[in-house]
2 protein chains.
Amino acid sequence: MARPSRKAERTEEVLDAYERCVARYGVEGTTLERIAEQAGLTRTLIRHYVGNKDALLDALVERFARRSKHDSAVLFESLPEKDRIRTLVDWLFDPGLSNTRSIRVAGALITAAKDYPRLARRMRDWTFEFVGLLEQELATAYPHKPKDDILAVAAGIAGIYFNVDSLESLGRMSGLRRASKEAALTLAESLG
Amino acid sequence: MARPSRKAERTEEVLDAYERCVARYGVEGTTLERIAEQAGLTRTLIRHYVGNKDALLDALVERFARRSKHDSAVLFESLPEKDRIRTLVDWLFDPGLSNTRSIRVAGALITAAKDYPRLARRMRDWTFEFVGLLEQELATAYPHKPKDDILAVAAGIAGIYFNVDSLESLGRMSGLRRASKEAALTLAESLG
DNA sequence: ATGTATATTGTCAATATTGAAAATCTATTT
DNA sequence: AAATAGATTTTCAATATTGACAATATACAT
């Protein structure tokens, strides 16, 4: 019975802005002023909608974990019956398809993890969950291969993927990106 | 004809401390206070020996570039005649041998590169120089392989290497490290 | 139109960070 | 011992950042 709340949308906007800042300046380098500038809001509004710095980080990490889980679930479920690995690698390495910012945010969160033990656990889980999904996919495609080989290839593809998105900010990385994709495919095919 | 200068050593100590901070808090998250605390000096001494924040970053980047070049030159020159690739992979992925902090510093500098165009160029050069050395080594070991294949493998190994050191701060990464090393070897052997 | 819950803006205090210079201390040379 | 170059400490000013609360404006229900 009063003015309608914009808390939900505003919170998303604030977290979007926060994410952009974190991807660029890191967790420790992000100030409320910068977030406010990015979001086109005032610092006091940031505080009003989400809270202080700690609350902001909690909210960001929460959303990041939820989204990651959802996104990779959707991705792996949407793979076709044929050429699943190939399609997956396309999605991971083709510019435009891959979500570079998520990986950059993950990198920043991992860097900050030393000062936030809960965050360290979360990012470890995040890493191993992604590698685990890759393993699962590879194990289905190559059922006769030993687990160790599958894990090695999954870890390799994940590493190449994380790395190439981290380097993206340097610009002129299309050549390296293509080569990285080739490497990921070579790794996958080494199982066949 | 006066008190002897400690500028040289002190500068190294300050840059060491700065490096530790950058690896942990990122470029934008590092304050002079933190550096001073890490170095066991006062903030004003930091300023006395190296200068203000910009001068510090310049000095750090300068030293990082110089050291990287030197270290990788030494590394590649020290490889034995036989099993060069194998030895190289051991060096890159065995804990204790590899220099994890350098990679973390590089990651932080890459993240900050958007705000420092010169830095972006430097880190691009750094990346491609390392990949280039790998290519050269692989080309010598597998002289009949096309350049594209060599580049793909070099990019893959470099990516896996950078990534595994970035994840190190999360702890309990020995399993993933072993798997990553396996992947790097698999990639190299794919050329044979 | 009126009440009310929320949005929005404004203000203040406390602390952190940086920059710069002056003052003092110390080791070496002569 | 005196002079001197450099190390170290001290001090001050300016700005940035954060936290918290007060005041005002606005949209909706009744």
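By convention in this document, chain letters (A, B, ...) are assigned in the order of the sequence lines, proteins followed by strands, and residues within each chain are numbered from 1.
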Kindly determine whether D148(A) and R178(B) satisfy salt bridge (charged side-chain N to carboxylate O under 4.0 Å, His left out), including the steps that lead there.
-> CA-CA 10 Å; D148(A) 283 356; R178(B) 258 195 308 279; over 6 Å; no
Is there a side-chain polar atom (N or O) of R47(B) under 4.0 Å from OP1 or OP2 of dT18(C)?
-> no
Could you tell me the separation between the CG atom of L41(B) and the C1' atom of dT8(D), rounded to a whole number of Å?
-> 10 Å
Is there side-chain contact between V61(B) and R118(B), with heavy atoms separated by less than 4.5 Å?
-> no
What residues form a ring-ring contact (aromatic ring centres under 6.0 Å, His included) with F64(A), not counting sequence neighbours?
-> W126(A)
Rounded to whole angstrom units, what separation is found between the CD atom of E9(B) and the P atom of dG6(D)?
-> 14 Å
Ignoring backbone atoms, test whether R10(A) places a side-chain nitrogen or oxygen under 4.0 Å from the OP1 or OP2 oxygen of dA7(C).
-> no
Among the clusters formed by ILVMFWY side chains lying less than 4.5 Å apart, do V131(B) and L92(B) turn up in the same one?
-> yes
Is R24(B) salt-bridged to E28(A), cutoff N-O under 4.0 Å?
-> no
Assess whether atom CD of E12(A) is packed by more than 12 heavy atoms of other residues, nucleotides or ligands within 6.0 Å.
-> yes
Atom pairs under 3.5 Å: protein N/O with N/O of nucleotides 15-18 of chain D:
{"residue": "dT18(D)", "atom": "OP1", "partner": "K53(A)", "partner atom": "NZ", "Å": "2.8"}
{"residue": "dT18(D)", "atom": "OP2", "partner": "L32(A)", "partner atom": "N", "Å": "2.6"}

Within less than 4.0 Å of OP1 or OP2 of dT8(D), is there a side-chain N or O belonging to Y49(B)?
-> yes
For the pair made of CG in L45(B) and P in dT24(C), what is the distance, rounded to whole Å?
-> 17 Å
Taking only N and O in the side chain of H48(B), is any of them less than 4.0 Å away from OP1 or OP2 of dT8(D)?
-> no
Atom CZ of R6(A) and atom P of dT9(C): how far apart are they, to the nearest Å?
-> 11 Å
